[in-house]
Number of protein chains: 2
Amino acid sequence: MSATPSETLPLACRRHDHQSCIEGAITTAAKICQAKAVKLTPLRRQVLALVWQSHKPLGAYTLIDMLAAADTRRVAPPTVYRALEFLLEHRLIHRIDSLNAYIGCPDPGHHHHNYFLICLDCGIAAECPTQYLSPAIEAAATAAGFAISSQSVEIVGRCPACRKHADA
Amino acid sequence: MSATPSETLPLACRRHDHQSCIEGAITTAAKICQAKAVKLTPLRRQVLALVWQSHKPLGAYTLIDMLAAADTRRVAPPTVYRALEFLLEHRLIHRIDSLNAYIGCPDPGHHHHNYFLICLDCGIAAECPTQYLSPAIEAAATAAGFAISSQSVEIVGRCPACRKHADA
DNA sequence: TAGACTATGTTATTATATAACGTTTTTTAT
DNA sequence: ATAAAAAACGTTATATAATAACATAGTCTA
Ligand SMILES: [Zn+2]
Ligand SMILES: [Zn+2]
Ligand SMILES: [Zn+2]
Ligand SMILES: [Zn+2]
């Protein structure tokens, strides 16, 4: 395995202060919602925080269980799906189609696409920088005469950390 | 809209003799299965033919309904899912994660990835040539230190034919 | 404060997929 | 040819993901 400069390693794959991931995500979300004059209600905020509990995508029903564990109240599916819908609409989270799961967006301020690197060992999903992929996708669509409306890339493999373990 | 040379237009988007798509797919599948010494049973062949009824991805339960309509016998989900699993395993079909649906592979002989252009108007899904995307995806994964195991690109938009209608 | 609107609660249902086990058919080994 | 094994398919039940339809509560505005 060739070394990868640590600056290019996805944050999700590096040791980091994850608490500040969570706090930053909530703070940013609050700002964005305020700017848009939409409401980040307690429920929506709580679901966002739960989605951010790790860098692993979580399913809707897992979130329901987590809500139940946190609150001693069990919400029904529509409740959490509505919160997810809101968070998706305002691009605060992404949906990973191949996993039926949801993950926090680390950069909701800037419009970008659904590009993910997903580790089949540890389950983390890291957003994939746009620079390599976006031009290629546009070229492919243009060549075929398609007008792009949305796009998604899901690369499944083994993350740097898990590769190290596997090698050892 | 800029003109696209018709040679680069996906077959799915052009007028064509679709009967020969179906027949070609079955013939090729039969050859591949023979070469691998695996069995393209009547059920598997029938599911493959149904998947190929159009260039639109079909869900498993739609296939069950189509089997029922064709045969006056209704198979249970596991039956069709097993056939789909076989066809997926031998790369005779692809799964479109964003649609929970399945589509025939026009070139099962050559290993390639799950790259699709999907029309949100007419529903067709065209395989996307590898040349633009594959290097970009490899570059993105390498930069992040990921070892790729599988990859999928789903570009949703409007196909050339539907763009024409929309323009008119 | 009435009316409109938004958000959440509640119940039921739909859609997608798999587990577990039984039967039939095909293949392989004797 | 026949027994054992494997593969394919049938059947029932269930898991998992998502939404429809309607009720209630909170919020904003006129
Ligand atoms: Zn973090
Ligand atoms: Zn990993
Ligand atoms: Zn065709
Ligand atoms: Zn179309």
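Each chain gets a letter, A, B and so on, in the order its sequence line appears, and its residues count up from 1. A quick note: this is a predicted structure, and the numbers were derived from the prediction, not measured.
For the atom pair CZ of A/R158 and CD1 of B/I148, the computed distance is 13.5 Å after rounding to the nearest 0.5 Å.
In terms of modelled atom types and a separation under 3.5 Å, the side chain of B/E154 and the main chain of B/D97 share a donor-acceptor contact. Proximity of a side-chain donor or acceptor of A/N114 to a complementary backbone N or O of A/R95 within less than 3.5 Å is detected. A distance-only check finds a donor-acceptor pair linking the side chain of B/R163 to the backbone of A/G145 [under 3.5 Å].
With a 4.5 Å cut-off on side-chain heavy atoms, B/R44 and B/L48 do not count as touching.
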Mind listing the side-chain donor-acceptor pairs of residues 130-139 of chain B below 3.5 Å, one per line with the distance, residues two or more places apart or on another chain?
| unit_1 | atom_1 | unit_2 | atom_2 | d |
| --- | --- | --- | --- | --- |
| B/S134 | OG | B/E138 | OE2 | 3.4 |

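Rounded to whole angstrom, the span from the CG atom of A/L67 across to the P atom of C/dT8 amounts to 12 Å. Look at CD on A/E85: it is 12 Å from C1' on C/dA7, rounded to the nearest Å. Summarising the geometry, the separation between NE2 on B/H90 and C1' on D/dA8 is reported as 13 Å, rounded to the nearest angstrom. When rounded to the nearest whole Å, the span between CD of A/E89 and P of C/dA7 equals 9 Å. As rounded to whole Å, 19 Å separates atom P of D/dA18 from atom CZ of A/F86. In this entry the distance linking CG of B/L63 with P of C/dA15 reads 15 Å, nearest Å.
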I'd like a table of atom pairs between the protein and nucleotides 11-17 of chain D - only N or O on both sides, under 3.5 Å - with the distance next to each one.
| unit_1 | atom_1 | unit_2 | atom_2 | d |
| --- | --- | --- | --- | --- |
| D/dA17 | N7 | A/Y61 | OH | 3.4 |

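Within 6.0 Å of CD on B/Q53 lie more than 12 heavy atoms contributed by other residues, nucleotides or ligands.
Near DNA chain D, meaning a heavy atom under 4.0 Å from it, residues 30-46 of chain A has no residue at all.
When hydrophobic clusters are built by joining Ile, Leu, Val, Met, Phe, Trp and Tyr residues whose side-chain heavy atoms come closer than 4.5 Å, directly or via intermediates, B/V156 is not grouped with B/Y115.
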